[in-house]
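Here the structure is laid out as structure tokens; the discussion comes afterwards.
Each ligand, and each atom within it, is numbered from 1 in the order the structure gives.
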Amino acid sequence: MRPARVIVDLGALRHNYRVARRHHAGRVLAVVKANAYGHGAVPCARALMGEADGFAVACIEEALQLREAGIQKPILLLEGVFEAGELALVNEHDLWLAVSTPEQVAMIEATPVARPLNAWLKLDTGMHRLGLLPAEAQAMRERLAASGKVGELHWMSHFASADELDLPTTEHQIECFDQATRGTGLEASLSNSAGILAHPRAHRDWGRAGILLYGSSPFAERSAAELGLRPVMRLMSRLISVRELPVGEAVGYGGTFVADKPMRVGTVACGYADGYPRLAGTGTPVAVDGRLTRLLGRVSMDMLAVDLTELPDAHVGSEVELWGETVPVDAVAKRAGTISYEILCNVKRARFEWADSAD
Ligand SMILES: *Cc1c(COP(=O)(O)O)cnc(C)c1O
């Protein structure tokens with residue numbers, strides 16, 4: 001069998017959830033959209049069942065997958081419904097829904113519902129992606145109340161740059177939110193991971209923790225380890241070939257890496273078809289038998305090359321960690337010019353194993 005595999009540590013996931021709870025005084029929804037950022041939505045939600053206050057997903061398909069697996073905690077649809085027909089399923093499966101557009105407000109007004117909805121009115125406080133205009137917030141709240149279809153109503157908003165600590169953007173968004181919602185006495189939710197970890201003024205009744213649960217830092221300047229987070233996913237494989245490389249010889253497609261001294265090079269069974277980023281070039285950290293070394297040349301579809309010159313004991317069959325405990329996924333993402341979010345939710349093909357360390 002191909003040796004590429006993904007090991008997901010559910011104990012670390014629970015540990016990270018507790019880090020979020022420690023920072024954020026109020027309750028915290030565990031964001032498990034996009035298959036729990038590539039970690040497996042059902043195993044992750046099951047692992048958090050005992051302590052999470054609820055879950056958040058992007059769409060009803062993701063929510064139904066959790067309900068079918070027996071997850072009975074609250075589940076918030078972060079983008080609400082895409083068409084009126086979904087409201088019956090929202091009722092049937094007791095889901096919470098964000099209401100972010102005038103069209104969604106009109107949809108609720110026009111659609112009979114069996115039971116009152118639990119709605120989260122989302123305001124656009126500056127990100128300009130989803131959300132109602134702050135100036136319309138009260139009018140929309142009154143329309144939903146007058147529809148008689150909403151039982152519980154909450155406010156929410158989302159930050160554009162909470163990870164950039166020297167920008168005033170988040171403070172401006174908080175002020176905008178407070179002004180638009182003043183005096184309503186409704187529960188509110190503002191913070192993503194970066195808000196939970198770095199913006200106490202944004203802590204409200206409910207946080208929404210995503211990337212931090214998976215042991216990755218939302219900040220470019222602060223590592224996950226500094227934040228007390230534990231890595232959850234390990235992408236592992238093995239060396240399937242080892243060779244000596246004379247000076248002047250090149251490695252891989254395009255020959256982009258050329259040996260400037262006699263080298264020893266290993267081939268690893270992992271490539272971009274597994275979700276390893278092709279744009280991670282020479283120098284990206286890789287661990288062989290627990291020791292750090294570097295990637296060489298271009299990543300292929302199923303394989304990549306690593307430098308074994310300083311690792312004389314490495315051999316065919318040696319264990320390789322592409323990211324996880326020795327190699328932070330954030331370091332790989334940085335080398336590839338992207339963020340861990342994209343890399344984690346792109347992982348595919350490799351076999352998945354869910355382990356449970358002590359949390
Ligand atoms: C994905 C998402 C989150 C979680 O964001 P992280 O940065 O991963 O913590 C929170 N809120 C909304 C609306 C989201 O779409």
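- Checked against side chain to side chain donor-acceptor pair (under 3.5 Å), Glu79 has no partners two or more places apart in sequence or in another chain.
- In terms of protein heavy atoms, atom 9 (O) of ligand 1 is closest to Ser193 OG, 2.5 Å.
- Of the protein's heavy atoms, Tyr341 OH, 2.7 Å lies nearest to atom 7 (O) of ligand 1.
- With ring centers used as reference points, Trp206 lies 6.0 Å or more from Trp155.
- Atom 3 (C) of ligand 1 has Lys33 NZ, 3.8 Å as its closest protein atom, hydrogens excluded (heavy atom only).
- Between Phe159 and His199, the ring planes are tilted. Angles from 30° to 60° get that label.
- Ionic pairing of Asp124 and Arg129 is not present here: no N-O contact between side-chain nitrogen and carboxylate oxygen is shorter than 4.0 angstrom.
- Nearest-residue assignment for atom 10 (C) of ligand 1 (options Met156, Lys122, Glu79, Arg208; heavy-atom criterion): Arg208.
- Contacts between Leu78 and ligand 1 below 4.0 angstrom, taking non-hydrogen atoms only, involve the side chain exclusively.
- For atom 6 (P) of ligand 1, the candidate residues are Ile211, Leu213, Ile339; the nearest heavy-atom contact is made by Ile211.
- Where the criterion is an N or O separation shorter than 3.5 Å, residue side chain and backbone included, Gly210 meets it with respect to ligand 1.
- Closest protein heavy atom to atom 12 (C) of ligand 1: His158 CE1, 3.4 Å.
- A salt bridge links Arg230 with Asp9: at least one charged nitrogen is closer than 4.0 Å to a carboxylate oxygen.
- Taking the charged nitrogens against the carboxylate oxygens, Asp356 and Arg46 have no contact shorter than 4.0 Å, which rules out a salt bridge.
- The Tyr37 neighbourhood of ligand 1 comprises atoms 1 (C), 4 (C), 5 (O), 6 (P), 8 (O), with distances under 4.0 Å to a heavy atom of that residue.
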Using the side chain to side chain contact (heavy atoms under 4.5 Å, CB included) rule, take Met1 and Arg351 through it: C-alpha gap first, then chi angles, then the decisive distance, then the call. CA-CA 10 Å; Met1 238 194 294; Arg351 273 175 293 135; 3.5 Å; yes
